[in-house]
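A short write-up of the structure that comes next.
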Amino acid sequence: QVQLVESGGGLVQPGGSLRLSCAASGSSSSSIYVMGWYRQAPGKQRELAARITRGGLANYADSVKGRFSISRDNAKNTVYLQMSSLQPEDTAVYYCNVKIGWASEVWGQGTQVTVSS
């Protein structure tokens, strides 16, 4: 199976930047095709922020386009989310999600991102 370790969350001021990392390990980590980041703000539904395929094709939620950039290092089985121009509405728990093969998926434990003055 696959285990995910997330890091990089924290407290930043509006306009600041933060970089999230999610490292996958385990016997199936070489079979990961899609990696992404979801976020859930207090009192709101979980939503997709960004995702990327093994070949590097990425897509983003409209709310983060132009500010967030997702990338991955396949050799390290790690996905990154570079977040810039952060705003208070970006405050949420960010969850790493990976799709294994064609059917299975695994969720990370979540990392808190807080944007506040």
Side-chain angles (χ1 to χ4, degrees):
Q1 197 58 58
V2 169
Q3 292 180 315
L4 305 178
V5 179
E6 300 155 314
S7 62
L11 174 65
V12 296
Q13 294 186 335
S17 299
L18 208 59
R19 189 194 193 204
L20 305 182
S21 298
C22 175
S25 62
S27 61
S28 298
S29 58
S30 63
S31 299
I32 296 172
Y33 285 88
V34 181
M35 307 183 81
W37 289 94
Y38 290 72
R39 65 183 186 180
Q40 187 167 23
K44 296 184 178 180
Q45 293 182 310
R46 187 175 299 186
E47 65 174 358
L48 175 70
R51 60 188 172 194
I52 186 169
T53 69
R54 188 173 184 85
L57 299 178
N59 58 266
Y60 303 88
D62 288 341
S63 59
V64 308
K65 286 181 179 177
R67 300 187 298 117
F68 290 12
S69 179
I70 190 169
S71 62
R72 62 189 289 175
D73 185 334
N74 291 329
K76 297 180 179 179
N77 292 316
T78 300
V79 63
Y80 307 93
L81 186 65
Q82 179 67 51
M83 304 181 292
S84 301
S85 301
L86 285 164
Q87 304 298 315
E89 53 265 37
D90 296 316
T91 296
V93 177
Y94 285 70
Y95 297 91
C96 182
N97 173 268
V98 303
K99 290 178 169 55
I100 305 168
W102 65 274
S104 301
E105 67 176 2
V106 177
W107 290 90
Q109 79 284 354
T111 183
Q112 177 71 46
V113 172
T114 302
V115 185
S116 179
S117 299

* Hey, mind stepping through Val113 and Met83 against side-chain contact (heavy atoms from CB on, under 4.5 Å) and telling me if it holds? -> CA-CA 10 Å; Val113 172; Met83 304 181 292; 4.0 Å; yes
Find out whether [X] and [Y] are in side-chain contact, i.e. whether some heavy atom of one side chain is under 4.5 Å from a heavy atom of the other.
X      : Y      : result
Trp37  : Ile70  : yes
Gln13  : Val115 : no
Pro88  : Ser116 : no
Val106 : Gln1   : yes
Tyr60  : Ile52  : no
Leu20  : Glu6   : no
Gln112 : Thr91  : yes
Lys99  : Tyr33  : no

* To do: Flag this pair as yes if the NZ/CZ of Arg72 is under 6.0 angstrom from the six-membered ring centre of Tyr80 and inside a 45 degree cone about the axis; otherwise no.
  => no
* Asked: Does NZ or CZ of Arg46 fall inside the cone over Trp107's six-membered ring, less than 6.0 Å from its centre and within 45° of the axis?
  -> yes
* To do: Let me see the working for Asn97 and Glu105 under side-chain contact (heavy atoms from CB on, under 4.5 Å), right down to the final yes or no.
  => CA-CA 7 Å; Asn97 173 268; Glu105 67 176 2; 3.4 Å; yes
* **Greater than 12 external heavy atoms within 6.0 Å of Gln40's CD** => yes
* Do the side chains of Tyr94 and Val12 join up, straight or via other hydrophobic residues, at under 4.5 Å, putting them in one cluster? -> yes
* Would Tyr95 end up clustered with Leu86 when hydrophobic side chains under 4.5 Å apart are linked, directly or stepwise? -> no
* Structure fact -> Separation between CE (Met35) and CD1 (Ile100), nearest 0.5 Å, reads 9.5 Å
* **Between OG on residue Ser21 and CD on residue Gln82, distance to nearest 0.5 Å** => 9.5 Å
* Structure fact -> Between Ala49 and Val64, the two heavy atoms sitting closest are O-CG2, 3.4 Å
* Compare every heavy atom of Ala24 with every heavy atom of Ile32, then report the nearest pair and how far apart it is. => CD1-CB, 3.5 Å
* Of all pairs that satisfy side-chain hydrogen bond (donor to acceptor under 3.5 Å, both in side chains), the ones with a partner from residues 61-70, not counting sequence neighbours -> Arg39-Ser63, Asp62-Lys65, Arg67-Asp90
* **Residue that, paired with Thr114, satisfies side-chain contact (heavy atoms from CB on, under 4.5 Å) out of Leu18, Leu11, Val93** => Leu11
* Summary of disulfide bond (SG atoms under 2.5 Å apart) pairs that have at least one residue in residues 14-117, sequence neighbours excluded -> Cys22-Cys96
* Could you list the residues that satisfy side-chain hydrogen bond (donor to acceptor under 3.5 Å, both in side chains) with Arg54, not counting sequence neighbours? => none
